[in-house]
There are 2 protein chains.
Amino acid sequence: MRREEDFIPSPVATDVVIFTVIGNELNVLLVKRGKFAPLGWSLPGGFVGQREDLDESAVKTLREKTGVRNVYLEQLYTFGEPKRDPRGRVISIAYMALVDAQMVKLEKGKDTEGIKWLPVKKLPQLTFDHRQIIDYAKKRLIWKMEYTNVVFSLLPTYFSLTELQKVYEAILERDLDKRNFRRKFLSTGLIKETKKKSQGAHRPATLYNFAEKRLEYITNPFGQFLKK
Amino acid sequence: MRREEDFIPSPVATDVVIFTVIGNELNVLLVKRGKFAPLGWSLPGGFVGQREDLDESAVKTLREKTGVRNVYLEQLYTFGEPKRDPRGRVISIAYMALVDAQMVKLEKGKDTEGIKWLPVKKLPQLTFDHRQIIDYAKKRLIWKMEYTNVVFSLLPTYFSLTELQKVYEAILERDLDKRNFRRKFLSTGLIKETKKKSQGAHRPATLYNFAEKRLEYITNPFGQFLKK
DNA sequence: ACAAAAGTGTTGCGTCTACACCCATGG
DNA sequence: CCATGGGTGTAGACGCAACACTTTTGT
């Protein structure tokens, strides 16, 4: 069925789009390649080991760059256009991870000059097809925000409804109605009121936490989760 | 970042879940491996060539087995569990294709004893993790049926509303209300009435065709496309 | 007392669901 | 004329969008 020459294997890598929300903006973690060409900002990633599961490879990248584990991680898509890497063919399995920025300590690798959160709306030029991968990841994230409770990965354990709403607004890039948002979210049963209150200069907000920190599809009622 | 030994590349293959609807049932195309172990029913697939795009590789498999081209084809997910293939590590990029069974002429490959449509609800034991791949593909298909017009790939150019409904019912595995189905589908503007009529023993049905044979997300109104 | 953020209900509109009978044709 | 599948409308329930003021706290 296939020609013999075709059986020569290609290197396989994983690249991880790590998102977080900082100050009302969606940010992505990028590393500046400083040692090997092509230089410039890239997604963190690495080759998949011989005996390594694909998810493991992505988890390892995530742990090496951010120090976090046990966060939301999802396989997105596999990019394999033969010329996507100018140095030779590499097939890349893209992952998306969602983290609470407060939990992250950025750790520079030895091949990299820098590692930084950059706002998705104002990205510099990126190496390879990484811009395309991020665009795809963002679309998927928007979808997931509307139909699932993935948002829990972007927030600390205790949070106010306003903080929750701000995360949605940052990612959907539109304002939501406060009363409708609260009614809708509370009716899902995904979050529980706690006895804690926020502290600060103004009226303290009731803090909530998630009933279950695992991915749930919102089927109540069915239909788009958030309209306006 | 990665250990040297990890750079040894693994073979990469594509496996294609080819669906069609035959007689009110969703079917999948399987080949019976007759030459090389492990013997038994498998998804059609092949290794990705050195200079071959991933989509191309899937298209090639599809063409070799069914003779069709220009049908709906979508990358699904990449399976890479190190022991998924007992002969050694193979990373497999799964695709889903949708075809109109009438357009297909099954073509036996030289490594295969047989090639056959089998109903998804009563599959025999499959080799590797192919059962899992089909289960995943089916979930994705159900989703796409509800939110997009992918159904056009499963039907001939001209079709009646009843035929259209039967395809939905086969895949969603539930009955739909005839009046609601018609109203809903017609209101999307995705199909056009034609002057043709079906022939047969009873009252002739008006035949329709698709306004555009490209994938459209149904955003009218937003929300689940088909309830009951 | 004032600034700032938290919190709270109602109404109108549109979409979805459930449901039963007549129509056109071939045999 | 009968069997078979094609084709049609309405009413009630429910979810969604729009909208503005009061409360609580720290300073």
Side-chain angles (χ1 to χ4, degrees), chain A residues 23-24 145-147 155-156 158-170 172-209 217-228, chain B residues 21 23-24 145-147 155-156 158-170 172 174-209 217-228:
Chain A
N24 297 344
M145 292 291 284
E146 287 175 335
Y147 291 99
L155 283 166
Y158 296 94
F159 54 88
S160 70
L161 288 176
T162 301
E163 285 166 348
L164 181 63
Q165 183 175 343
K166 293 241 178 272
V167 171
Y168 269 90
E169 289 177 339
L172 304 184
E173 292 177 24
R174 62 181 214 267
D175 291 340
L176 299 171
D177 181 273
K178 182 160 61 159
R179 279 171 292 189
N180 292 338
F181 181 86
R182 285 164 182 244
R183 188 179 25 253
K184 186 81 185 263
F185 220 105
L186 289 169
S187 78
T188 64
L190 294 170
I191 57 175
K192 294 196 310 272
E193 190 171 333
T194 70
K195 283 168 189 155
K196 294 183 197 285
K197 299 278 171 186
S198 66
Q199 311 203 340
H202 306 297
R203 175 173 175 178
T206 302
L207 297 184
Y208 290 78
N209 60 21
Y217 286 82
I218 294 166
T219 53
N220 171 18
F222 265 126
Q224 195 179 33
F225 182 48
L226 294 167
K227 286 252 172 80
K228 201 170 299 165
Chain B
V21 172
N24 297 344
M145 291 291 284
E146 287 175 334
Y147 291 99
L155 284 166
Y158 296 94
F159 54 87
S160 70
L161 288 177
T162 300
E163 285 166 348
L164 181 63
Q165 185 175 341
K166 292 241 179 273
V167 171
Y168 270 91
E169 289 176 339
L172 304 184
R174 61 181 215 268
D175 291 339
L176 300 171
D177 181 274
K178 183 160 60 159
R179 280 170 292 190
N180 292 339
F181 181 86
R182 285 162 183 246
R183 189 179 25 252
K184 185 81 184 263
F185 221 105
L186 290 170
S187 78
T188 63
L190 294 171
I191 58 176
K192 293 197 310 272
E193 191 172 331
T194 70
K195 283 166 191 157
K196 295 183 196 285
K197 300 278 170 186
S198 66
Q199 311 203 339
H202 306 296
R203 175 174 175 179
T206 302
L207 298 183
Y208 291 78
N209 61 19
Y217 285 83
I218 294 168
T219 53
N220 171 16
F222 264 125
Q224 195 180 30
F225 182 47
L226 294 166
K227 287 254 171 79
K228 201 169 307 165

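Naming convention: chains lettered A, B, ... in sequence-line order (proteins, then strands); numbering from 1 in each chain.
- Taking atom CG on B/Leu164 and atom C1' on D/dG7, their separation rounds to 15 Å, with Å as the unit.
- Between the side chain of A/Glu193 and the main chain of A/Thr206, no donor-acceptor pair closer than 3.5 Å is present.
- Distance, A/Lys197 NZ to C/dA6 C1': 9 Å, rounded to whole Å.
- The nucleotide whose nearest atom lies closest to any side-chain atom of A/Lys184 is, among C/dG7, D/dC16, D/dG7, D/dC16.
- Judged by distance alone, with hydrogens and angles left aside, the side-chain atoms of A/Tyr168 form a donor-acceptor pair with the main-chain N or O of A/Met145 at under 3.5 Å.
- A pairwise comparison of heavy atoms in B/Ile191 and B/Leu186 identifies CD1-CD2, 4.0 Å as the closest pair.
- Atom CG of A/Asn180 and atom C1' of C/dG7 are 14 Å apart (whole Å).
- For B/Lys178 and C/dC23, the NZ to P distance is 14 Å, given to the nearest whole Å.
- Residue A/Gln199 contributes atom CD, which lies 12 Å from atom C1' of D/dG26 at whole-angstrom precision.
- Between A/Arg182 and A/Ala201, the residue whose closest nucleotide on DNA chain C is further toward the 5' end is A/Ala201.
- For B/Arg203 against C/dA24, no side-chain N or O and base N or O form a donor-acceptor pair under 3.5 Å.
- With DNA chain C read from its 5' end, the first of the two nearest nucleotides for A/Arg183 and A/His202 is the one closest to A/His202.
- Closest approach of B/Tyr158 and B/Lys196 over heavy atoms only: CZ-CE, 3.3 Å.
- A donor and an acceptor atom sit less than 3.5 Å apart, one in the side chain of B/Arg179 and one in the base of C/dA20.
- Here the side chain of B/Thr162 is nearest to one of D/dC19, C/dA20, D/dG6, namely D/dG6.
- As a whole-Å value, the separation of A/Leu207 CG from C/dA5 P is 16 Å.
- Rounded to whole Å, the distance from CG on A/Asp177 to C1' on C/dT10 is 13 Å.
- Between the side chains of A/Arg182 and A/Thr162, at least one donor-acceptor pair of N or O atoms lies under 3.5 Å.
- Residue A/Thr206 places none of its side-chain N or O atoms closer than 4.0 Å to OP1 or OP2 of C/dA6.
- Here C/dA5 presents its C1' atom at 12 Å from CD of A/Glu163, a figure rounded to the nearest Å.
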